[in-house]
J.: 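Below is a structure I'd like to ask you about.
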Amino acid sequence: MRDLAAGLGYLAKGQKWVGRHGRWWGFGMLPALITLVGYVVALVFLGGWSEELAEWATPFADGWGSPWQGLLRTALAAIVFGGGLLISVITFTAVTLLVGQPFYESLCEKVDETEGGAPTPPDVPLWRELAVSARDSLYVLVRVAGFGVLLFACGFIPVVGQTLVPVAGFLVSGFFLTVELTAVALQRRGVPQRERIRLLRSRLGLAFGFGVPLILGFLVPLVTVLAMPGAVAGATLLARDLVPVEDAEDEPDEQDRQDRQDPADDAGGAPEVPGYGEHGPVPGNPYATGPEPVRPYGGPNPYSSR
């Protein structure tokens, strides 16, 4: 329950962060607006051509009488449009993150800077980041589709299909939405996708608390546009919890390492040899009776019997 509340808290903190930084809120809405316009145009075309598609797909019904021909093709047109709408809802976040990769990269960096302990992102070109994001998004969509088929089949089980399956559907969708939204921040920290999924799977309450409320809100397209910048900011805060970054002050810099270096290292590892006459008495040497060095050529020989 603590993780569940923490996930919801990160979602609220993300919205508060963009509320305090209004310029970044507007900046973060641009990719969602662009994606929304593209999806609306595509759905308008799909709605206009759905009847033609239904007619093209059912040539066997050309000789059917009324009302069966109209009922079949109207139902098929509704299924086509409904399927397109469902695909739009499922893929909207992934496409928005792909379109907005440079935007959300900057937003994540700003959140890290304001919160302290910003990581050093991998030095990779933009095209490679986009390719990796597209590959990761496709991987997530395939897994979501697999769960969707399984849940659809379970939906025909009496009682379970009408009670537990919808709840499971929201949980699965919320988990993978959290995976998608934290991808930008965790990618900046050099965490590969499989490891990102493993981290979130070990904190399911955190992922559910963050993603499920967003799924419920994202059912309304306008809410998606307005809430996306705060969702990315909150996901960055959540990623900081999953993969903390040590402060740079805790790591000695190059100058400190040089100051702490053993003087013997400067001589290639050889100990410093004192000059002649500078040797002191060696502990345990019975012949070294005092601090004065023995000078074999400058004084009497204490070991001579003559």
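On a predicted model such as this, the values are computed, not experimentally measured, just so you know. Computation of the quantities below employed the complete heavy-atom set of this structure, encompassing side-chain atoms and omitting hydrogens, waters and symmetry-equivalent molecules.
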J.: With sequence neighbours left out, write down each residue that passes side chain to side chain contact (heavy atoms under 4.5 Å, CB included) with Phe27, or none if nothing qualifies.
T.: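 In terms of side chain to side chain contact (heavy atoms under 4.5 Å, CB included), with neighbours along the sequence ignored, Phe27 is linked to Trp24, Phe103, Ser106.
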
J.: Considering only residues two or more places apart or on different chains, which pairs with a residue in residues 66-85 satisfy salt bridge (charged side-chain N to carboxylate O under 4.0 Å, His left out)?
T.: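 Checked against salt bridge (charged side-chain N to carboxylate O under 4.0 Å, His left out) - neighbours excluded - the pairs reaching residues 66-85 are Asp62-Arg73.
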
J.: Any idea which heavy atoms bring Thr178 and Ala207 closest together, and the distance?
T.: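 Scanning both residues, the minimum pair turns out to be OG1-O, 3.0 Å.
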
J.: Quick one: side chain to side chain contact (heavy atoms under 4.5 Å, CB included) partners of Ala183, sequence neighbours excluded?
T.: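 By the side chain to side chain contact (heavy atoms under 4.5 Å, CB included) rule, Ala183 matches Arg196.
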
J.: Does any non-hydrogen side-chain atom of Phe210 lie less than 4.5 Å from one of Leu206?
T.: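 When only atoms from C-beta onward are counted, Phe210 and Leu206 do not touch, as no gap falls below 4.5 Å.
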
J.: Do the non-hydrogen side-chain atoms of Leu214 and Leu181 ever get within less than 4.5 Å of each other?
T.: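 Touching, per the 4.5 Å side-chain cut-off.
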
J.: Do the side chain of Arg188 and the main chain of Val184 share a donor and acceptor less than 3.5 angstrom apart?
T.: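 Side chain of Arg188 to backbone of Val184: no pair is present.
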
J.: Of all residues at least two apart in sequence or in a different chain, which pass the side chain to side chain contact (heavy atoms under 4.5 Å, CB included) check with Trp68?
T.: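 Scan of Trp68 (side chain to side chain contact (heavy atoms under 4.5 Å, CB included), adjacent residues dropped) gives Trp64, Leu71.
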
J.: Side chains of Arg189 and Leu242, heavy atoms from C-beta outward: is any pair under 4.5 Å?
T.: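 When only atoms from C-beta onward are counted, Leu242 and Arg189 do not touch, as no gap falls below 4.5 Å.
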
J.: Quick one: salt bridge (charged side-chain N to carboxylate O under 4.0 Å, His left out) partners of Glu55, sequence neighbours excluded?
T.: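 Counting only residues at least two positions away or on another chain, Glu55 forms no salt bridge (charged side-chain N to carboxylate O under 4.0 Å, His left out).
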
J.: Do the side chain of Tyr10 and the main chain of Ala235 share a donor and acceptor less than 3.5 angstrom apart?
T.: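 No.
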
J.: Are Thr96 and Val232 side-chain neighbours, meaning at least one heavy-atom pair lies under 4.5 Å?
T.: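 Contact flag for Thr96/Val232 side chains = no.
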
J.: Among residues at least two apart in sequence or on other chains, which ones pass side chain to side chain contact (heavy atoms under 4.5 Å, CB included) with Arg20?
T.: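 Partners of Arg20 by the side chain to side chain contact (heavy atoms under 4.5 Å, CB included) criterion, ordered by chain and then number, come out as Lys16, Trp17.
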
J.: Just by modelled atom types, is the Gly47 backbone N or O under 3.5 Å from a matching donor or acceptor in the Ser50 side chain?
T.: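 Judged by distance alone, yes, a pair lies under 3.5 Å.
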
